[in-house]
Amino acid sequence: MRFSNEWILAFDFFNWAQTQTDYKHSPESYNLMVDILGKAKKFELLWDLIDEMKSLGDCYISFLTMTKVIRRLVRANMFKEAMDVFRGIERFGLSKDTSMLNILMDSFVNGDSVDHAQQVFLEFKDSLPVNTQTFNILIQGWCKAGKVGIARKIMEEMERHGCQPNALSYTCLARFYCDKKDFRKLNGILNEMKIKDCTPTVATYTTLMCLLGKSKQINEALEIYKRMNESDCAPETSSFNSLIFILGKAGRLKDAEEVFNDMPKKGAMPDEVTFNTLIFCYCDHLQEEKALKLLQKMENMGFKPDLKTYAALLKMSCSKKRMKLIYFLLNHMYNNNISIDVSIYSVLISGLCKSERVEHACSFFKEMISKEFLPQDGLYDRLREALEAKNMVEEKEKIEKLMLMAKKRRTVS
DNA sequence: GTAGGGTTAG
């Protein structure tokens, strides 16, 4: 919210630079400005700028320019306008092609409006060559919308059209089945791919493994890992990160550790995500020493801990009621130039409430407000409940007043 | 961020 007027600064600077003699904006800076105005939803100014670009000659408005315009219009829910830009793209000196159609459809799907994507598909599929990507965008959209039947129909149409569904098409289906907790079908995806002679990639295996793991289907996830190794796909760092997460979350810390230690031998070096993941697993199981040791190792190896690292460690410290450790970690963050954000306050306050360290939770709440952060209602409610349970009436009133003030401040600015 | 994959949480 505080930065919502940044576009004005950018725009002023852009216009000022223009007034300097001998200076002409490059097409790239025009594109950047178009994107900034679109992000701020200042479409009138955006169209003025486009007109200016048009008057400057042919090379100013490019495919990239109109891509930005389309994506920003869709993000602002201006679906009809986005479609009209594509329908009349010739006005900008460009011609309709498959990539631009795909951009338009992809924007709609990302804006959760697969209907619009389908509509433009129908409108243009006979006049423009559509490709695998075009179909995959629709498959992804319909799966996201929970209409797997239509996604399957698109796959059939795709084949009739001479495009073979690829690994990505099937990954979309897998995500759908995972959301629906239909693990039988999810597990069947690899076999279905085999029948269709579609070769899974590392990304396919990693995605499936991760989806199953997050749905607590540990054995099935490990089965995917096995199949990956039996195939020609060598697991990559991200595959191992998934595997470590799955094992660790299931409490198999020894196994997770072994995977971690074996990574270099298998040609995949651990990265910051690997460290964060294993640290998270240790914290999740209150293994304080191991977690801190790994933090040390992470730094020794030149990886910087980030907010995720500290969030995990702080959550554990709260569960273990280790106030000293909390302050040690906050200091650690400070030394690493990482400032405490809303998510960290949220971890601290809710964690301390849970551990009945309500006074400490209150002081972090006050600190949070003094830094002009607005606590989420859920967090506020949790603190109030904790205070009520402890019969801390006065403190509760103080907190309520503070929250009111913070909300007022927010509506004024 | 601009077609796919990895860590946060109840």
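A, B, ... follow the sequence lines: proteins, then strands. Residue 1 opens every chain.
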*asked:* Pairing donors with acceptors under 3.5 angstrom, does anything connect the side chains of A:S169 and A:N166?
replied: yes
*Is it true that the side chains of A:S62 and A:T65 contain a donor and an acceptor less than 3.5 Å apart?*
yes
Indicate, with a heavy-atom threshold strictly under 4.0 Å, whether [X] touches base, sugar-phosphate, or nothing.
{"X": "A:D271", "result": "base"}
{"X": "A:S350", "result": "nothing"}
{"X": "A:V347", "result": "nothing"}
{"X": "A:T237", "result": "base"}
{"X": "A:N166", "result": "base"}
{"X": "A:T309", "result": "nothing"}

Checking contacts here: which listed nucleotide ([options]) is nearest the side-chain heavy atoms of [X]?
{"X": "A:T277", "options": "B:dG1, B:dG5, B:dT7", "result": "B:dT7"}
{"X": "A:C210", "options": "B:dT7, B:dG5, B:dG4", "result": "B:dT7"}
{"X": "A:T207", "options": "B:dG5, B:dG1, B:dT7", "result": "B:dG5"}
{"X": "A:K214", "options": "B:dG5, B:dT8, B:dA3", "result": "B:dT8"}
{"X": "A:T204", "options": "B:dG4, B:dA3, B:dG1", "result": "B:dG4"}
{"X": "A:A167", "options": "B:dG5, B:dG1, B:dG4", "result": "B:dG4"}

_Over all atoms of both residues, closest heavy-atom pair of A:I89 and A:M100_ = CD1-CE, 4.0 Å
Please confirm whether the ring centroid of [X] lies under 6.0 Å from the ring centroid of [Y].
{"X": "A:F260", "Y": "A:F240", "result": "no"}
{"X": "A:H360", "Y": "A:F364", "result": "no"}
{"X": "A:F14", "Y": "A:Y30", "result": "yes"}

Could you tell me how far apart [X] ([atom1]) and [N] ([atom2]) are, to the nearest whole angstrom?
{"X": "A:N276", "N": "B:dT8", "atom1": "CG", "atom2": "C1'", "result": "9 Å"}
{"X": "A:L208", "N": "B:dG5", "atom1": "CG", "atom2": "P", "result": "12 Å"}
{"X": "A:E385", "N": "B:dG10", "atom1": "CD", "atom2": "P", "result": "17 Å"}

_Under-4.0 Å side-chain N/O to phosphate OP1/OP2 contact, A:K315 with B:dG10_ = yes
_B:dG5 OP1/OP2 closer than 4.0 Å to side-chain N/O of A:R175_ = yes
*For residues 121-140 of chain A, which residues have at least one heavy atom under 4.0 Å from DNA chain B?*
A:Q133, A:N136
*Taking atom P in both B:dG5 and B:dG1, compute the distance separating them and give it to the nearest angstrom.*
13 Å
*If the C1' atom of B:dA3 is compared with that of B:dT7, how far apart are they to the nearest Å?*
23 Å
*Identify the residue among A:M155, A:M193, A:K185, A:Q140 that makes a side chain to side chain contact (heavy atoms under 4.5 Å, CB included) with A:L173.*
A:M155
*Checking A:D35 side chain against A:N31 main chain: does a donor-acceptor pair fall under 3.5 Å?*
no
